[in-house]
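Here's the structure, in structure tokens; my notes come after.
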Amino acid sequence: MKTLRVKTAAPAIAAVMILTACGESGGSEAASEASSEAASAQLPNGMTIKEQIEARQGQLEKVGDAFKAISDQLKAGSPDIAVIQEAAAAVPEATQGMADWFPEGSGPESGIDTDALPSIWENMPDFQEKVGNMQEAAAALNTAAQGGDIAAIGEAFKTTGGTCKACHDDYRLDD
Ligand code: HEC
């Protein structure tokens with residue numbers, strides 16, 4: 001499945017590189033016209049690029065909120081395990097389809113406000129590996145949370161946080 005995606009991505013990458021080159025040689029007006037066209041272009045999943053970017057940002061915001069909820073509880077004197085359990089369950093759910101959230105053309109070249117760096121599309125296999133690492137860690141965090149052992153939850157939370165950071169360091173624009 002993964003191999004297939006990587007293989008089929010190669011011609012698309014080449015096509016985008018050609019498009020980018022054309023946009024640049026056509027001057028900035030042509031380039032921005034090309035971006036707004038790109039933003040409203042329909043993806044195979046039926047979403048426009050703009051909708052795809054906004055959808056992934058919405059999902060990641062949920063993940064960020066869930067992470068903060070867990071962190072707040074772990075710092076509290078007596079953590080509310082029910083809050084942790086609900087938040088930990090939300091992370092795998094919110095990130096389920098993440099491998100498909102970054103189609104070709106949904107980077108900054110779309111003209112849509114995004115913190116996704118172009119390096120994602122230059123290193124897609126590595127990016128996808130980082131998606132997988134996070135999903136694996138988040139599933140283990142959820143299992144630990146449902147088990148209720150605070151020490152185990154703390155460890156799994158740290159591990160998962162490391163997988164978020166590993167991707168953000170390389171592929172997300174710094175705030
Ligand atoms: C494989 C890479 C990757 C992983 C893993 C990852 N992120 Fe991100 N994250 C991104 C990228 C890229 C963006 C920028 C998306 C955009 O703006 O289009 C982002 C954006 C965000 C945002 C901002 C959303 C918004 O626009 O409001 C939050 C919050 C966030 N991530 C939290 C997390 C947390 C918490 C984890 C770990 C559980 C995580 N991310 C794991 C790549 C990743």
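Counting starts at 1 for both ligands and their atoms, in listed order.
- In the displayed structure, E93 atom CD is contacted under 6.0 Å by at most 12 heavy atoms of other residues, nucleotides or ligands.
- At distances below 3.5 Å, not a single donor-acceptor pair connects side-chain atoms of T48 with backbone N or O atoms of Q42.
- Nearest protein heavy-atom contact of atom 18 (O) of ligand 1 is T114 OG1, 2.6 Å.
- A 6.0 Å sphere centred on CG of D113 holds no more than 12 heavy atoms belonging to other residues, nucleotides or ligands.
- In this structure a side-chain-to-backbone donor-acceptor pair under 3.5 Å is missing from Q52 to M47.
- The closest heavy-atom contact to atom 22 (C) of ligand 1, among the options E61, M134, R172, comes from R172.
- Residue K165 places no heavy atom under 4.0 Å from ligand 1.
- Of all protein heavy atoms, the one closest to atom 2 (C) of ligand 1 is C167 SG, 1.7 Å.
- Using a cut-off of 2.8 Å, one finds that C164 contributes no N/O/S atom close to atom 8 (Fe) of ligand 1.
- The ligand atoms of ligand 1 that sit less than 4.0 angstrom from a heavy atom of D115 are 14 (C), 16 (C), 17 (O).
- Although no hydrogens or angles enter the test, the distance criterion places a donor-acceptor pair under 3.5 Å between the side chain of D149 and the main chain of A152.
- Nearest non-hydrogen protein atom to atom 35 (C) of ligand 1 is V63 CG1, 3.6 Å.
- When each atom of ligand 1 is checked for a heavy atom of R56 under 4.0 Å away, the hits are 16 (C), 18 (O).
- Considering K68, Q57, K130 only, the shortest heavy-atom separation from atom 24 (C) of ligand 1 involves Q57.
- At a 4.0 Å heavy-atom cut-off, ligand 1 touches Y171 through the backbone alone.
- Here is the list of ligand 1 atoms found below 4.0 Å of a heavy atom in F102: 12 (C).
- For F127, heavy-atom contacts with ligand 1 shorter than 4.0 Å involve the backbone as well as the side chain.
- The distance between the ring centers of F157 and F67 falls below 6.0 angstrom.
- In this pair, F102 and F127 present their aromatic rings perpendicular. The plane angle is above 60°, beyond the 30 to 60° band.
- In T163, the part holding a heavy atom less than 4.0 Å from any atom of ligand 1 is the backbone.
- Minimum-distance N/O/S atom of H168 relative to atom 8 (Fe) of ligand 1: NE2.
- Atom 29 (C) of ligand 1 has its closest protein heavy atom at L60 O, 3.5 Å.
- Judged by distance alone, the side chains of Q57 and D115 never bring a donor and an acceptor atom under 3.5 Å apart.
- Following chains of ILVMFWY side-chain contacts shorter than 4.5 Å, one cannot reach V63 starting from M98, and the two form parts of different hydrophobic clusters.
- Hydrophobic clustering (side-chain heavy atoms under 4.5 Å, transitive across Ile, Leu, Val, Met, Phe, Trp, Tyr) keeps V83 apart from L74.
- If you number the atoms of ligand 1 from 1 as listed, the ones under 4.0 Å from a heavy atom of V131 come out as 1 (C).
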